[in-house]
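Notes to accompany the following structure.
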Amino acid sequence: MSTRTPPVSEGAPALVPASPSAPTRPRSAPPPGARAVVAAVLVALAGTALLNAPPPATARTAPESAAGPESAAGPGSATTRSLTPSGPSTPGSNAPDPNAPDPTAADPTAADPTSADATAPGSTVPDSTAPDSTVPDSTAPDSTVPDSTVPDSTAPDSTAPDATSPGSTTPDLLAAPVHFAGKAFDTCEAPSLTVMKAWLASPYGAVGIYFGGRGRGCPVQKELTPSWVASAHAMGWRLLPLFVGSQAPCVDSLAKRKYAIGSTPVTQGTKEGGDAVRAAKALGIGTSSPLYLDIEAYQRGDTNCAATTLSFVRAWNREVRRLGYLPGFYSSADTGVRDMETQRRAGTKDLPEVMWFARWRGQPALLTESVLQPQAWTPHARIHQYAGNVTETYGGRTLAIDRNAMDAPVARVTAPARFAARVPVPLSFVASRRP
């Protein structure tokens, strides 16, 4: 009950103080008319007590236990508790006594609809600065409320190849591949970060890096570290990871023949596919990234050599795909690429996802290569190396490079951000890097 004395209601008779001149009478013998005064006082006090008492359960409040406060009494009914202090009660109001037990506390269905968790029985208003143990954690395995507004980097990617194939050990959760359309260059050894910064003034937006394989022309890559990968990516460069492993037994280059595919091309291809993935991960190149297998030009017409090379490439592709990466393929348009296109037309499985073809005519012909049908490796799955062994200088730094035009996937960089150098990127960087 309230400790504050409520005002007297209008209908109650007023108390009239006794005249000071009135004679004093014994308590045992009240004066005439005193009984009427006492009765009037008792009536007034009783009326006040009734006004301040909590409303009794009625037929209107009874259905709330079954239908809930909203459907039973409507918004703003006496069952709705405010989170802000209420003002003084006035005659005729239905506000409960603040010191009286809360009639909704014992009824779980009458929980405060304005609280953070109005549907939880016995819930209280949570501290907005503390974690609410009653709210499901969206990261918990049994959570059923995905965040539809934010791309989930851990959700399975429907575009990732064979991510759910039986017996696959592909990482359970893959992100979507990242594509780049524009000009790219590749060079035997990864340039220093100083050179990469100077080349921001070039028309190139992507760079090929020879990250692994026993057949690399520049096996010592002193610059190529996780720090280099993260820093180059932070500058705005997009990366094309190239793996130069075993080569066709009939490879044209005499220097590459010592890396010829052996008598077990499937086993060898599977092993080198795993090697490629491990080397990529060590540099901070994440799943869903393309890994481009470099098969140098080989002799045309040697069917046994072509069959051995195809078995090796398909095994490499399967392993790379199984481990959550995209298998790409680089070769001469007239040998390796021509043979892959023949197999594609025949319906052969386990072929590359991306085709990087070399034909040095000096000008890009990304979608008009003669050995590829127009629909082959499209969309976003072609790179054309259209010039090689050329020298270019930007920002005072000179490199010997191969020129490429592309519309294809690039690496997803997962190297820790602390590795990345803080290098400002010009606002015109993206717009300037188009074919």
Side-chain angles (χ1 to χ4, degrees), residues 151-180 184 186 190 206-216 221 224 226 228-230 232-233 237-246 266-295 311-331 336 340 349-356 377 379-383 406-416:
D152 185 1
S153 62
T154 63
D157 175 23
S158 60
T159 64
D162 292 353
T164 58
S165 59
S168 171
T169 59
T170 300
D172 294 334
L173 308 171
L174 297 177
V178 178
H179 296 92
F180 175 79
D186 62 276
V207 56
I209 52 173
Y210 292 89
F211 75 98
R214 68 191 189 111
R216 283 184 294 179
Q221 299 275 340
L224 194 54
W228 188 96
V229 167
H233 189 266
W237 290 102
R238 296 301 168 252
L239 308 180
L240 299 168
L242 282 151
F243 183 87
V244 191
S246 297
V266 173
T267 301
Q268 199 168 350
T270 301
K271 177 187 178 301
E272 293 192 27
D275 292 342
V277 169
R278 283 186 289 274
K281 285 184 175 180
L283 288 173
I285 297 172
T287 54
S288 297
S289 296
L291 304 182
Y292 294 96
L293 176 62
D294 183 331
I295 296 291
S311 296
F312 174 87
V313 172
R314 292 180 65 202
W316 192 92
N317 292 344
R318 281 193 297 271
E319 185 67 3
V320 166
R321 186 182 288 115
R322 186 183 72 86
L323 296 174
Y325 288 75
L326 300 180
F329 182 75
Y330 166 88
S331 191
M340 290 298 157
K349 298 184 186 230
D350 301 321
L351 296 181
E353 298 283 338
V354 190
M355 185 59 67
W356 188 341
W377 283 282
H380 314 304
R382 284 193 185 191
I383 305 174
M406 65 175 291
D407 179 6
V410 292
R412 291 182 61 251
V413 174
T414 60

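Worth knowing before you read on, the calculation uses all heavy atoms, side chains too, and leaves out hydrogens, waters and symmetry mates.
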Distance-minimising heavy-atom pair for [X] and [Y]:
| X | Y | value |
| --- | --- | --- |
| G324 | L174 | O-CD2, 4.1 Å |
| P290 | P409 | CG-O, 3.4 Å |
| G208 | L242 | CA-CD1, 4.2 Å |
| F329 | P352 | CB-CG, 3.3 Å |
| M340 | W377 | O-CH2, 3.8 Å |
| T414 | G286 | CG2-CA, 3.7 Å |

Residues two or more places apart in sequence or in another chain: which of them pass salt bridge (Lys or Arg N to Asp or Glu O under 4.0 Å) with R314?
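Residues passing salt bridge (Lys or Arg N to Asp or Glu O under 4.0 Å) with R314: D350.
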Does T267 form a side chain to side chain contact (heavy atoms under 4.5 Å, CB included) with K271? I'd like the steps, not just the answer.
CA-CA 6 Å; T267 301; K271 177 187 178 301; 5.7 Å; no
Tell me if a side-chain donor or acceptor on [X] pairs with a main-chain N or O of [Y] at a distance below 3.5 Å.
| X | Y | value |
| --- | --- | --- |
| S331 | I295 | yes |
| Q268 | S246 | no |
| T287 | Y325 | no |
| S289 | R412 | yes |
| Q221 | A190 | yes |

Tell me, with the steps shown, if V320 and L326 meet side chain to side chain contact (heavy atoms under 4.5 Å, CB included).
CA-CA 7 Å; V320 166; L326 300 180; over 6 Å; no
First locate atom CZ of R321, then atom CD of E353, and finally report the distance between them rounded to the nearest 0.5 Å.
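So the CZ of R321 and the CD of E353 are separated by 4.5 Å.
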To the nearest 0.5 Å, what is the distance between NZ on K349 and CG on N317?
14.5 Å
Worked verdict on V266 versus R318 for side chain to side chain contact (heavy atoms under 4.5 Å, CB included):
CA-CA 10 Å; V266 173; R318 281 193 297 271; 4.0 Å; yes
Would you mind telling me which of Y210, W316, Y292 makes a side chain to side chain contact (heavy atoms under 4.5 Å, CB included) with F243?
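Testing each of Y210, W316, Y292 against F243, the sole residue satisfying side chain to side chain contact (heavy atoms under 4.5 Å, CB included) is W316.
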Should the pair H179 and H380 be assigned to parallel (<30°), tilted (30 to 60°) or perpendicular (>60°) ring geometry?
tilted
Please verify the inter-ring angle class for W356 with Y330; under 30° counts as parallel, over 60° as perpendicular, anything in between as tilted.
perpendicular
Are D186 and V207 side-chain neighbours, meaning at least one heavy-atom pair lies under 4.5 Å?
no
Run the numbers on I285 and L239 for side chain to side chain contact (heavy atoms under 4.5 Å, CB included), then give the verdict.
CA-CA 9 Å; I285 297 172; L239 308 180; 5.5 Å; no
